[in-house]
Amino acid sequence: MLRAVIQTPLCPLHRAFRQAPRRQLRRIPSCTASRSPALLSCAPWQPGIMAATALKPLIAVCQLTSTPDKEQNFASCSQLIQEAAQRGACLVFLPEAFDFIGSNTQETLSLAESLEGAQIQRYAGLARECGVWLSLGGFHERGEDWASTRRIYNCHLLLDPTGQVMATYRKTHLCDVELEGRVSMKESKFTNPGPEIVPPVSTPAGKVGLAICYDLRFPEISLALTQEGAEILTYPSAFTVTTGSAHWEVLLRARAIETQCYVVAAAQTGKNHERRTSYGHAMVVDPWGCVIAQCQEGPGLCYAEIDLGYLRRIRREMPVCTHRRADLYGRVTVLKKPPPP
């Protein structure tokens, strides 16, 4: 059963900060939230089109349990995307490894595809069919250097409603972590690091800056994207239970507060295979640092409105970007042509 929850703002200061009332999303029990026809208390939605009564763009954030079975994973993603489109979401976010999570390195490499392969073409078809933007949060990509490196890229794609690829970001920070007796991961064993940060892309919900999972631990990339105009930062992820329970929410809220952006984090959840369990808790954090939507346990969706007027007000009344002392510690920017390693 799909589970999700819609949350109204959690922080008292967040509520006090707003001057004008806005449409509230009614809290729905988690077991029925993703299917209640009265979810948004407004006119019926048309796929990919905001209803006339909607004041602000709606986004949908997916929580999945990917396995090595690519067909099963596609069926799960397709169902969630179609459901989100029917509710009127203009942009749907999928987590890292939405295509599959292999049980070992050999399986991961054998299942990987190029961006011209059948998997991405199927998602492009879904984008066209549903009339939505898709954030494909972490695709196992066989790049042009596959024949020589035998390594893949962890690639985040952004598709528009015609199915066109508007941006490709390849994960720059690879997760090589050894927490004795708890977590053992060496992404660099089979993955190439991405060569660049990709400038934000304009969407109906705002300007979206792309990152992936472990990038969340490096504030420099979020600051660089914000400097380039990002209004929404997205961190599709597959956090482990150990690191997720300790750091997931606090890192997401920190990135939102320091950049004054919306932060969107689709997530893997549950048992992906016999040796891997993911933390879940997909969520949306607003520019004041409050969690405004969050999934509970199991696969499902959560929804949030993006209020760019609210974002601009926060930036205007607390203009931290103009208070930075670049003369003391430099300025974080996106390098258009990164220097060679």
Side-chain angles (χ1 to χ4, degrees), residues 64 66-68 70 73 94-115 117 119-120 136-157 167-198 209-225 233-244 246-248 251-252 255 265-268 272-279 332 334-335 337-341:
L64 301 172
S66 292
T67 70
K70 294 168 73 172
N73 299 334
L94 296 180
E96 182 181 32
F98 67 92
D99 52 346
F100 66 89
I101 291 183
S103 57
N104 55 60
T105 299
Q106 181 179 358
E107 183 175 46
T108 297
L109 294 176
S110 68
L111 291 174
E113 296 183 20
S114 73
L115 297 186
Q119 277 288 87
I120 295 304
L136 305 180
F139 176 73
H140 296 83
E141 178 203 3
R142 287 190 181 185
E144 295 179 356
D145 57 359
W146 164 253
S148 59
T149 68
R150 310 307 289 181
R151 294 169 184 259
I152 60 176
Y153 290 92
N154 190 338
C155 184
H156 185 168
L157 298 94
T168 53
Y169 164 75
R170 293 167 178 88
K171 189 176 182 182
T172 52
H173 300 99
L174 301 183
C175 187
D176 289 357
V177 176
E178 189 73 38
L179 303 179
E180 188 174 351
R182 294 177 291 167
V183 176
S184 179
M185 189 177 304
K186 194 170 182 61
E187 194 173 11
S188 65
K189 182 179 179 181
F190 58 90
T191 306
N192 291 314
E196 62 181 345
I197 299 171
V198 178
L210 306 182
I212 302 174
C213 198
Y214 192 55
D215 291 331
L216 178 59
R217 295 183 179 274
F218 303 88
E220 294 85 355
I221 189 171
S222 63
L223 292 172
L225 288 168
L233 300 173
T234 180
Y235 294 96
S237 297
F239 263 57
T240 66
V241 173
T242 299
T243 56
H247 299 152
W248 175 243
L251 283 171
L252 291 169
R255 297 295 85 83
Q268 291 286 339
N272 306 106
H273 52 71
E274 65 277 3
R275 297 189 295 109
R276 164 84 197 200
T277 302
S278 298
Y279 179 65
V332 178
V334 174
L335 296 177
K337 292 184 179 180

Q: Quick check on Glu144: does its CD atom have over 12 non-hydrogen neighbours (other residues, nucleotides or ligands) under 6.0 Å away?
A: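 Counting neighbours around CD of Glu144, 12 or fewer heavy atoms of other residues, nucleotides or ligands fall under 6.0 Å, so no.
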Q: I want to check something: taking the side chain as every heavy atom from C-beta on, are Asn272 and Thr67 in contact at a cut-off of under 4.5 Å?
A: no
Q: Any side-chain heavy atom of Arg170 sitting closer than 4.5 Å to one from Glu141?
A: yes
Q: OG of Ser237 to OH of Tyr279: how many Å apart, nearest 0.5 Å?
A: 12.0 Å
Q: Quick check: are there more than 12 heavy atoms from other residues, nucleotides or ligands sitting under 6.0 Å from CD of Gln106?
A: no
Q: If I take atom CZ from residue Arg275 and atom CD1 from residue Ile101, how far apart are they, to the nearest 0.5 angstrom?
A: 12.0 Å
Q: Give, for atom CD of Gln268 and atom OG of Ser278, the distance between the pair rounded to the nearest 0.5 Å.
A: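 The distance works out to 5.5 Å.
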Q: When you compare the side chain of Arg276 with that of Thr240, does any pair of heavy atoms fall below 4.5 Å?
A: yes
Q: Might you point out which heavy atoms bring Ser66 and Phe98 nearest each other, and give the distance in Å?
A: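 Distance-wise, the nearest heavy atoms are OG-O, 3.5 Å.
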Q: State, yes or no, whether a side-chain contact exists between Leu115 and Phe139 at a heavy-atom distance under 4.5 Å.
A: yes
Q: Rounded to the nearest 0.5 Å, what's the gap from CG on Leu233 to CG on Leu216? Could you check?
A: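 So the gap between those two atoms works out to 10.0 Å.
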Q: Is any side-chain heavy atom of Leu109 closer than 4.5 Å to one of Trp146?
A: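 Heavy-atom side-chain distance check passes, below 4.5 Å.
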Q: Between Asn154 and Tyr214, is there a side-chain donor-acceptor contact under 3.5 Å, judged purely by atom types and distance?
A: no
Q: Taking the side chain from His156 and the backbone from Ala211, do they hold a donor-acceptor pair closer than 3.5 Å?
A: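 Yes, His156 side chain to Ala211 backbone: donor-acceptor pair under 3.5 Å.
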Q: Without swapping roles, check the side chain of Asn104 against the backbone of Glu107 for a donor-acceptor pair under 3.5 Å.
A: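 Pair found, side chain donor or acceptor close to backbone of Glu107.
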Q: State, yes or no, whether a side-chain contact exists between Thr108 and Thr105 at a heavy-atom distance under 4.5 Å.
A: no
Q: Between the main-chain N or O of Gly138 and the side-chain N or O of Glu96, is there a donor-acceptor pair closer than 3.5 Å?
A: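 Not at all, since once roles are kept as given, no pair shorter than 3.5 Å links the two residues.
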